[in-house]
Protein chains: 2
Amino acid sequence: MTSDCQKLSSVLQLWDKSLVVEGLRQMRNTQTMAELQLQSPGKQPTIRDVAELAGVATSTVSRALTKPGRVNHVTRERIEEAAAKLNYIPSSQARGLSSGRTQTVAVLVPDITNPFYFDIIRGTQHQLKAAGYTQLLVDTEESAEMEADALQKMRRSADGFILAASRLTDEQLTEAAAQQPLVTINRAPAIAPTVVIDTPSAIIQALEHLVSLGHTRICFVGGPATSWSNAKRWQAFQVETKERELTTSRVGPFAPKTTSGAAAADAAVHTGATACIVFNDLLAIGMLQRLRERGIRVPEDMSIVGCDDIFGADFCNPPLTTMASPIEQAGRVAVSMLLSRLNPQYGGTSRRLAVMPTHLTVRASTGPAPER
Amino acid sequence: MTSDCQKLSSVLQLWDKSLVVEGLRQMRNTQTMAELQLQSPGKQPTIRDVAELAGVATSTVSRALTKPGRVNHVTRERIEEAAAKLNYIPSSQARGLSSGRTQTVAVLVPDITNPFYFDIIRGTQHQLKAAGYTQLLVDTEESAEMEADALQKMRRSADGFILAASRLTDEQLTEAAAQQPLVTINRAPAIAPTVVIDTPSAIIQALEHLVSLGHTRICFVGGPATSWSNAKRWQAFQVETKERELTTSRVGPFAPKTTSGAAAADAAVHTGATACIVFNDLLAIGMLQRLRERGIRVPEDMSIVGCDDIFGADFCNPPLTTMASPIEQAGRVAVSMLLSRLNPQYGGTSRRLAVMPTHLTVRASTGPAPER
DNA sequence: ACAAGGATGACAAGCGATTGCCAAAAATTG
DNA sequence: CAATTTTTGGCAATCGCTTGTCATCCTTGT
């Protein structure tokens with residue numbers, strides 16, 4: 001992959017002249033440590049080792065460590081001490097095998113590189129870790145097939161699933177929800193509990209904002225055809241623009257990536273609209289770039305409203321007016337909905353639907369409609 | 001979290017008037033399906049079910065599915081057919097228990113929300129999936145302690161580790177490397193195999209670029225104190241600026257976030273430098289914002305060079321000149337280095353060091369030095 | 001046609017935990 | 001102080017799969 005020796009040595013020289021020597025020295029170290037490890041037979045301490053050291057049965061160790069109260073206070077301390085001394089960590093594999101639960105939740109997102117999902121991932125990650133669960137991140141690459149596949153393949157290895165912006169059909173989703181506990185994000189009309197982001201209401205806010213700036217010809221720049229939120233946003237857009245007697249147009253579908261922005265911008269300009277409501281910020285940012293290239297000024301000639309308020313929306317040029325919502329929190333709520341289903345004993349009232357509020361964040365990409 | 005009923009219903013109305021009904025209907029569906037499932041005793045088909053259906057022993061099923069060639073061609077087909085019919089998925093738990101390998105690799109990054117790591121994550125994810133491994137993402141929140149902790153806690157559940165920009169001390173790292181297979185990214189002087197991004201050479205390119213633009217007073221804006229790459233970049237900066245007899249200054253350390261950009265910008269301006277080489281793009285973008293607020297023009301009054309070429313570097317204002325490198329590829333290479341260690345049979349020559357090339361991407365944040 | 005050898009598949013012993021069941025010990029009660 | 005209840009901790013059976021060992025069967029060579 002990289003041309004090696006020559007480049008390497010010059011680089012090393014610059015970085016750390018003693019690297020190679022250092023490496024060798026430490027190599028030797030390892031050797032020694034590895035040997036030390038091999039003295040003890042099975043490398044990792046098992047529950048048996050702990051039991052032996054503490055002078056109890058393995059079952060007692062297991063209970064001491066998982067069922068507080070089931071074991072005498074003082075015995076437990078002795079066990080914990082032994083466990084600590086051996087640096088014992090229970091094998092999640094073995095634990096999962098016998099208990100049937102993996103303490104793992106899989107989070108499926110259409111595209112890891114989309115900053116929108118970053119926030120969701122961060123939210124789920126936090127919440128899951130707090131509950132002692134492990135998160136399994138899966139990138140489904142915008143493909144319903146991969147999504148269904150992952151759902152199948154991992155049904156044994158995850159206790160539950162969180163589907164962000166699922167691309168599955170309603171039937172697939174219903175079926176999947178019957179097979180395993182799952183919570184969706186931004187996908188409401190399904191059997192599964194859902195966290196939705198209230199973008200329709202955001203659309204209203206955006207439209208009012210644009211109307212107040214004097215815009216009358218507004219274009220809806222659509223996202224992926226299979227996206228449920230896209231459909232809902234379009235629906236809200238239609239209803240609201242009709243009420244307000246605005247002239248509308250629609251272009252798309254476009255992939256939710258900055259690279260699709262060029263085509264989207266050109267199409268939008270072609271409609272003659274003076275303002276666009278764009279499926280998401282990624283696309284909107286791409287449009288901004290293209291409009292700038294074409295010499296179309298934002299917001300003087302064209303106003304742009306994005307959606308999601310992702311990383312970057314505040315520092316692009318011009319900064320993007322966008323429909324913001326607590327995405328990270330959506331992730332957290334999704335997790336707690338899922339966990340309350342997985343552990344009905346703890347979980348309080350497990351809701352079937354959570355609606356995350358949205359608000360319009362006005363920045364510099366929207367302005368008064370151009371005079372005609 | 002959200003005010004419920006009222007808002008909910010209004011939202012539902014807008015979205016899907018039949019949602020509730022729909023929900024109930026599907027609820028019933030599930031009930032039925034769940035019942036169906038309960039008819040078969042153990043819910044998920046096991047290897048035994050497959051063996052029975054195919055008329056062979058479980059061991060044969062196991063071999064047919066994992067050791068191609070060990071089982072007769074025709075028997076295998078029969079088994080595969082049976083497995084497919086039952087929709088059998090082996091339990092990774094059980095498999096791991098007996099085989100001792102989890103087919104899982106943990107990737108530790110200091111901050112999931114940093115776009116730099118996004119690319120790494122994407123790279124590792126791809127490569128791991130291709131090799132049939134599962135990726136476990138861990139956010140260590142820039143903390144050496146959490147990192148060490150995760151390394152301990154997960155040593156049973158992961159076959160190997162990839163540490164991106166590890167915050168561990170050399171001793172900790174050496175110890176960790178002795179305990180389990182691990183590959184580091186951007187952390188060379190350690191026992192473990194490493195993928196480094198050749199930023200020192202990028203620093204040279206950046207300096208040459210700035211010099212060619214007439215800059216003589218250059219400021220190094222430092223990142224986290226515990227960051228190895230930061231140290232190396234500073235080192236390269238020092239060496240190269242001395243050779244070129246430039247006037248230098250250094251500010252920092254700053255957290256690698258846009259929010260730290262304000263302080264960084266103010267400090268940099270205070271040094272009187274006309275150009276900055278900034279630890280990373282995140283910080284640089286933050287500085288850009290602050291400089292703009294303060295009316296300091298970029299690049300007319302001050303040139304800025306970032307590092308990493310992250311998402312956003314191309315559309316911030318002005319677009320950022322930055323030291324780019326194939327980050328995603330770095331992730332991929334790290335994975336293949338790790339896997340070649342985990343599976344010595346396949347793996348070819350397992351390198352101990354891979355150096356990723358860098359190049360300067362010049363955009364609009366650098367320009368001629370201001371006249372004095 | 002028979003012995004040697006390789007291919008094939010079954011048996012059974014784990015892997016490291018959990019957990020139902022039960023007996024011994026301790027605490028409570030009358 | 002005996003009887004009863006409650007704790008406490010051990011035994012052993014699983015969980016679902018892998019793998020070492022070994023018997024069987026089918027090829028071959030002679």
Side-chain angles (χ1 to χ4, degrees), chain A residues 40-80 82-83 86-104 132 153-159, chain B residues 40-80 82-83 86-104 132 153-159:
Chain A
S40 61
K43 191 140 180 147
Q44 298 285 7
T46 76
I47 199 172
R48 252 186 293 276
D49 301 323
V50 178
E52 195 174 337
L53 182 57
V56 296
T58 61
S59 52
T60 308
V61 175
S62 171
R63 284 195 267 265
L65 265 31
T66 58
K67 313 256 199 310
R70 180 63 179 71
V71 155
N72 186 299
H73 166 68
V74 45
T75 321
R76 166 144 56 105
E77 272 182 6
R78 193 149 38 90
I79 292 176
E80 278 170 353
L86 293 175
N87 191 16
Y88 166 74
I89 304 271
S91 147
S92 48
Q93 313 250 28
R95 198 195 286 253
L97 222 209
S98 46
S99 70
R101 331 187 65 247
T102 62
Q103 293 294 102
T104 289
K153 293 255 172 70
M154 309 184 62
R155 62 167 200 264
R156 300 289 290 268
S157 35
D159 289 345
Chain B
S40 60
K43 194 143 176 144
Q44 298 286 8
T46 76
I47 200 171
R48 252 186 293 277
D49 301 323
V50 179
E52 195 174 338
L53 183 56
V56 296
T58 61
S59 52
T60 308
V61 175
S62 172
R63 291 203 176 89
L65 264 32
T66 58
K67 310 258 199 310
R70 179 66 179 70
V71 154
N72 186 297
H73 166 68
V74 45
T75 320
R76 166 143 54 106
E77 271 183 6
R78 192 150 38 91
I79 292 176
E80 278 170 353
L86 292 175
N87 192 16
Y88 166 73
I89 304 271
S91 149
S92 48
Q93 313 253 23
R95 197 194 286 251
L97 223 210
S98 47
S99 70
R101 331 187 63 249
T102 61
Q103 296 293 104
T104 290
K153 292 256 171 67
M154 309 184 65
R155 64 167 198 264
R156 301 289 294 267
S157 34
D159 290 343

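Throughout, a chain's letter reflects where its sequence line sits, starting with A, and its residues are numbered from 1.
- Using a 4.0 Å cut-off, no side-chain N or O of Asn72(A) falls inside it from OP1 or OP2 of dT7(D).
- For Arg95(A) (side chain) and Pro90(A) (main-chain N/O), no donor-acceptor pair under 3.5 Å exists by modelled atom type.
- Rounded to whole Å, atom P of dA17(C) lies 9 Å from atom CG of Asp49(A).
- With rounding to whole Å, Glu52(B) atom CD is found 18 Å from dG9(C) atom P.
- Atom OG of Ser92(A) is separated from atom NZ of Lys153(B) by 12.5 Å, given to the nearest 0.5 angstrom.
- Interatomic distance, Met154(B) CE to Asp159(B) CG, rounded to the nearest 0.5 Å: 11.0 Å.
- dG16(C) atom P lies 10 Å from atom OH of Tyr88(A), rounded to whole Å.
- Among the protein residues, Arg156(A) comes within range of the sugar-phosphate backbone only, with heavy atoms under 4.0 Å from sugar or phosphate atoms but none that close to a base.
- The side chain of Ser98(A) lies closest to dG16(C), out of dC17(D), dG16(C), dG9(C).
- The nearest heavy atom of DNA chain C to Ser99(A) and to Val74(B) marks one nucleotide each, and the one closer to the 5' end goes with Val74(B).
- Taking side-chain N and O atoms only, Lys67(A) has no distance below 4.0 Å to OP1 or OP2 of dT18(C).
- Partners of Asp49(B) by side-chain hydrogen bond (donor to acceptor under 3.5 Å, both in side chains), not counting sequence neighbours: none found.
- Residue His73(B) contributes atom NE2, which lies 15 Å from atom C1' of dT8(C) at whole-angstrom precision.
- The separation between Ile47(A) atom CD1 and dT14(D) atom C1' is 15 Å, rounded to whole Å.
- For the pair Arg70(A) CZ and dT7(D) C1', the interatomic distance rounds to 8 Å; values are reported in whole Å.
- Residues Gly132(A) and Gln103(A) come closest through the heavy atom pair O-NE2, 3.8 Å.
- Among the protein residues, Thr75(A) comes within range of the sugar-phosphate backbone only, with heavy atoms under 4.0 Å from sugar or phosphate atoms but none that close to a base.
- The base of dG16(C) is not paired with the side chain of Arg95(A) by any donor and acceptor separated by under 3.5 Å.
- Note: CG (Leu97(B)) to C1' (dT18(C)) measures 12 Å, nearest angstrom.
- The shortest heavy-atom contact between Val71(A) and Ala64(A) is CG2-N, 3.8 Å.
- Taking atom CD1 of residue Ile79(B) and atom P of nucleotide dG9(C), one finds them 7 Å apart after rounding to whole Å.
- A donor-acceptor contact shorter than 3.5 Å is absent between the side chain of Thr58(B) and the backbone of Ala51(B).
- DNA chain C is contacted by Val56(B), Ala57(B), Ser59(B), Thr60(B), Arg63(B) of residues 56-63 of chain B, taking any non-hydrogen atom closer than 4.0 Å.
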